[in-house]
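What you are looking at is a predicted structure, and each value in this text was computed from that prediction instead of being measured.
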Amino acid sequence: QVQLVESGGGLAQPGGSLRLSCAASGFTFSSFAMTWARQAPGKGLEWVSSIYSDGRDIYYTDSVKGRFTISRDNVKNTLYLQMNNLKPEDTALYYCAKDKGVYGLGYELDYWGQGTQVTVSS
(Lines give C-alpha, C1' and ligand atoms only; values in the text may rest on other atoms or scores of the structure.)
Protein backbone atom coordinates (compact mmCIF):
# COMPACT_ATOMS: atom_id res chain seq x y z
CA GLN A 1 0.00 0.00 0.00
CA VAL A 2 1.08 3.54 -0.71
CA GLN A 3 2.21 5.52 2.31
CA LEU A 4 3.28 9.15 2.49
CA VAL A 5 4.43 10.43 5.86
CA GLU A 6 5.23 14.11 6.33
CA SER A 7 7.46 15.44 9.07
CA GLY A 8 9.41 18.56 9.98
CA GLY A 9 6.61 20.97 10.70
CA GLY A 10 6.50 23.13 13.77
CA LEU A 11 6.60 26.68 15.04
CA ALA A 12 8.83 29.25 13.38
CA GLN A 13 9.24 32.98 13.69
CA PRO A 14 8.71 35.25 10.69
CA GLY A 15 11.88 35.14 8.63
CA GLY A 16 12.77 31.72 9.97
CA SER A 17 13.16 28.41 8.19
CA LEU A 18 11.77 24.90 8.30
CA ARG A 19 12.51 21.80 6.25
CA LEU A 20 9.66 19.42 5.57
CA SER A 21 10.20 15.80 4.61
CA CYS A 22 7.89 13.23 3.08
CA ALA A 23 8.86 9.58 3.37
CA ALA A 24 7.29 7.53 0.58
CA SER A 25 6.72 3.80 0.36
CA GLY A 26 4.53 1.27 -1.43
CA PHE A 27 5.28 2.44 -4.97
CA THR A 28 8.19 3.13 -7.28
CA PHE A 29 8.92 6.62 -6.04
CA SER A 30 11.31 7.50 -8.86
CA SER A 31 8.57 6.92 -11.47
CA PHE A 32 6.15 9.58 -10.27
CA ALA A 33 5.92 13.33 -9.97
CA MET A 34 5.29 14.65 -6.47
CA THR A 35 3.54 17.69 -5.06
CA TRP A 36 3.35 19.78 -1.91
CA ALA A 37 0.03 21.44 -1.12
CA ARG A 38 -1.19 23.34 1.92
CA GLN A 39 -4.37 24.35 3.67
CA ALA A 40 -4.44 27.44 5.85
CA PRO A 41 -7.01 27.76 8.66
CA GLY A 42 -10.42 28.46 7.18
CA LYS A 43 -9.06 28.35 3.63
CA GLY A 44 -9.18 25.93 0.75
CA LEU A 45 -6.43 23.63 -0.38
CA GLU A 46 -3.65 25.45 -2.23
CA TRP A 47 -1.08 23.93 -4.57
CA VAL A 48 2.43 24.94 -3.52
CA SER A 49 4.98 23.09 -5.63
CA SER A 50 5.52 20.09 -7.89
CA ILE A 51 8.56 18.19 -9.04
CA TYR A 52 8.80 15.70 -11.90
CA SER A 53 9.94 12.15 -11.32
CA ASP A 54 13.61 12.73 -12.11
CA GLY A 55 13.77 16.01 -10.20
CA ARG A 56 14.74 18.03 -13.26
CA ASP A 57 11.51 20.02 -13.72
CA ILE A 58 10.24 22.07 -10.79
CA TYR A 59 7.30 24.44 -10.37
CA TYR A 60 6.10 26.77 -7.61
CA THR A 61 3.13 28.94 -6.84
CA ASP A 62 4.06 32.62 -7.10
CA SER A 63 3.75 33.34 -3.40
CA VAL A 64 6.62 31.01 -2.47
CA LYS A 65 9.02 31.54 -5.37
CA GLY A 66 12.45 32.51 -4.13
CA ARG A 67 11.66 31.31 -0.62
CA PHE A 68 10.76 27.63 -0.91
CA THR A 69 12.73 24.87 -2.59
CA ILE A 70 11.29 21.50 -3.51
CA SER A 71 13.64 18.56 -3.99
CA ARG A 72 13.64 14.80 -3.95
CA ASP A 73 16.00 11.94 -3.24
CA ASN A 74 15.00 8.99 -5.39
CA VAL A 75 17.38 6.67 -3.57
CA LYS A 76 15.96 7.49 -0.15
CA ASN A 77 12.39 7.73 -1.50
CA THR A 78 11.97 11.09 0.16
CA LEU A 79 10.46 14.40 -0.94
CA TYR A 80 11.56 17.66 0.69
CA LEU A 81 10.37 21.23 1.00
CA GLN A 82 12.91 23.73 2.28
CA MET A 83 11.05 26.82 3.47
CA ASN A 84 13.05 29.98 4.08
CA ASN A 85 12.03 33.51 5.02
CA LEU A 86 8.76 32.24 6.40
CA LYS A 87 5.79 34.57 6.66
CA PRO A 88 2.70 34.35 8.88
CA GLU A 89 0.63 33.65 5.78
CA ASP A 90 2.62 30.44 5.30
CA THR A 91 0.85 29.03 8.34
CA ALA A 92 -0.97 25.94 7.13
CA LEU A 93 -1.20 22.19 7.20
CA TYR A 94 1.26 20.99 4.57
CA TYR A 95 0.56 17.84 2.59
CA CYS A 96 2.76 15.65 0.47
CA ALA A 97 0.96 14.04 -2.47
CA LYS A 98 1.75 11.61 -5.27
CA ASP A 99 0.96 12.43 -8.87
CA LYS A 100 -0.56 9.77 -11.12
CA GLY A 101 2.21 10.01 -13.68
CA VAL A 102 5.84 10.77 -14.40
CA TYR A 103 4.94 14.38 -15.10
CA GLY A 104 2.46 16.54 -13.24
CA LEU A 105 1.56 19.87 -11.73
CA GLY A 106 -0.71 18.66 -8.97
CA TYR A 107 -3.82 18.21 -11.11
CA GLU A 108 -4.06 14.44 -10.76
CA LEU A 109 -3.04 13.45 -7.27
CA ASP A 110 -4.00 9.98 -6.13
CA TYR A 111 -2.41 9.61 -2.68
CA TRP A 112 -1.90 12.02 0.19
CA GLY A 113 -0.02 12.07 3.44
CA GLN A 114 -1.52 13.00 6.78
CA GLY A 115 -0.04 16.49 6.74
CA THR A 116 2.38 18.34 8.98
CA GLN A 117 1.50 21.61 10.67
CA VAL A 118 3.55 24.73 10.01
CA THR A 119 2.89 27.74 12.21
CA VAL A 120 4.66 31.04 11.63
CA SER A 121 4.16 33.52 14.45
CA SER A 122 6.11 35.99 16.55
Sequence neighbours excluded, every pair satisfying ring-ring contact (aromatic ring centres under 6.0 Å, His included) that has a member inside residues 56-79: Tyr52-Tyr59
Cluster check Ile58, Phe29: I/L/V/M/F/W/Y, side chain < 4.5 angstrom: yes
Gap separating the CZ atom of Arg72 from the CZ atom of Arg56, nearest 0.5 angstrom: 13.0 Å
Joint hydrophobic cluster, Phe32 plus Leu105, side-chain heavy atoms closer than 4.5 Å: no
Shared-cluster residues of Leu11, by chain and number - hydrophobic side chains joined below 4.5 Å: none
Validation row: Ile51, Asp57 side chains within 4.5 angstrom (heavy atoms): no
Check residues 3-10 and write down every donor-acceptor pair under 3.5 Å in which the side-chain atom is one partner and the other belongs to a residue at least two apart or another chain.
residue : atom : partner : partner atom : Å
Glu6    : OE1  : Gln114  : N            : 2.9
Glu6    : OE1  : Gly115  : N            : 2.8
Glu6    : OE2  : Cys96   : N            : 2.7
Glu6    : OE2  : Gly115  : N            : 3.3

Inter- and intrachain pairs under disulfide (SG to SG under 2.5 Å), touching residues 53-84, at least two apart: none
Nearest heavy-atom neighbours spanning Ser53 and Ser30: CB-O, 3.2 Å
Side chain to side chain donor-acceptor pair (under 3.5 Å) partner of Arg38, the single match among Thr61, Asp90, Thr91: Asp90
Hydrophobic cluster membership, Leu79 vs Tyr111, 4.5 Å side-chain cutoff: yes
Pairwise side-chain contact, Leu81 with Thr69, heavy-atom cut-off 4.5 Å (strictly under): no
For Ser122 against Pro14, the heavy-atom pair lying closest together: N-CD, 3.7 Å
Pairs touching residues 8-29 that satisfy side chain to side chain donor-acceptor pair (under 3.5 Å), sequence neighbours left out: Ser17-Asn84
Residues that Asp73 engages under side chain to side chain contact (heavy atoms under 4.5 Å, CB included), provided they are two or more places apart: Val75, Lys76, Tyr80
Sidechain-backbone polar pair: Ser49 side chain, Ile70 backbone, donor-acceptor under 3.5 Å: no
For Glu108, all residues meeting side chain to side chain contact (heavy atoms under 4.5 Å, CB included), sequence neighbours excluded: Lys100
By salt bridge (charged side-chain N to carboxylate O under 4.0 Å, His left out) - contacts of Asp99 (at least two apart): none
Salt bridge (charged side-chain N to carboxylate O under 4.0 Å, His left out) partners for Glu89, two or more places apart: none
Where at least one partner belongs to residues 29-79, residue pairs that pass disulfide (SG to SG under 2.5 Å), sequence neighbours excluded: none
Residue list, side chain to side chain contact (heavy atoms under 4.5 Å, CB included) with Ala23, at least two apart or on another chain: none
Distance-minimising heavy-atom pair for Lys43 and Gln39: O-NE2, 3.0 Å
Co-members of Trp112 in a cluster of I, L, V, M, F, W and Y side chains, linked at under 4.5 Å: Leu45, Leu93, Tyr95, Leu109
Value rounded to 0.5 Å, distance of NZ in Lys87 from OG in Ser63: 8.0 Å
Beyond-backbone contact of Lys98 with Met34, side-chain heavy atoms, under 4.5 angstrom: yes
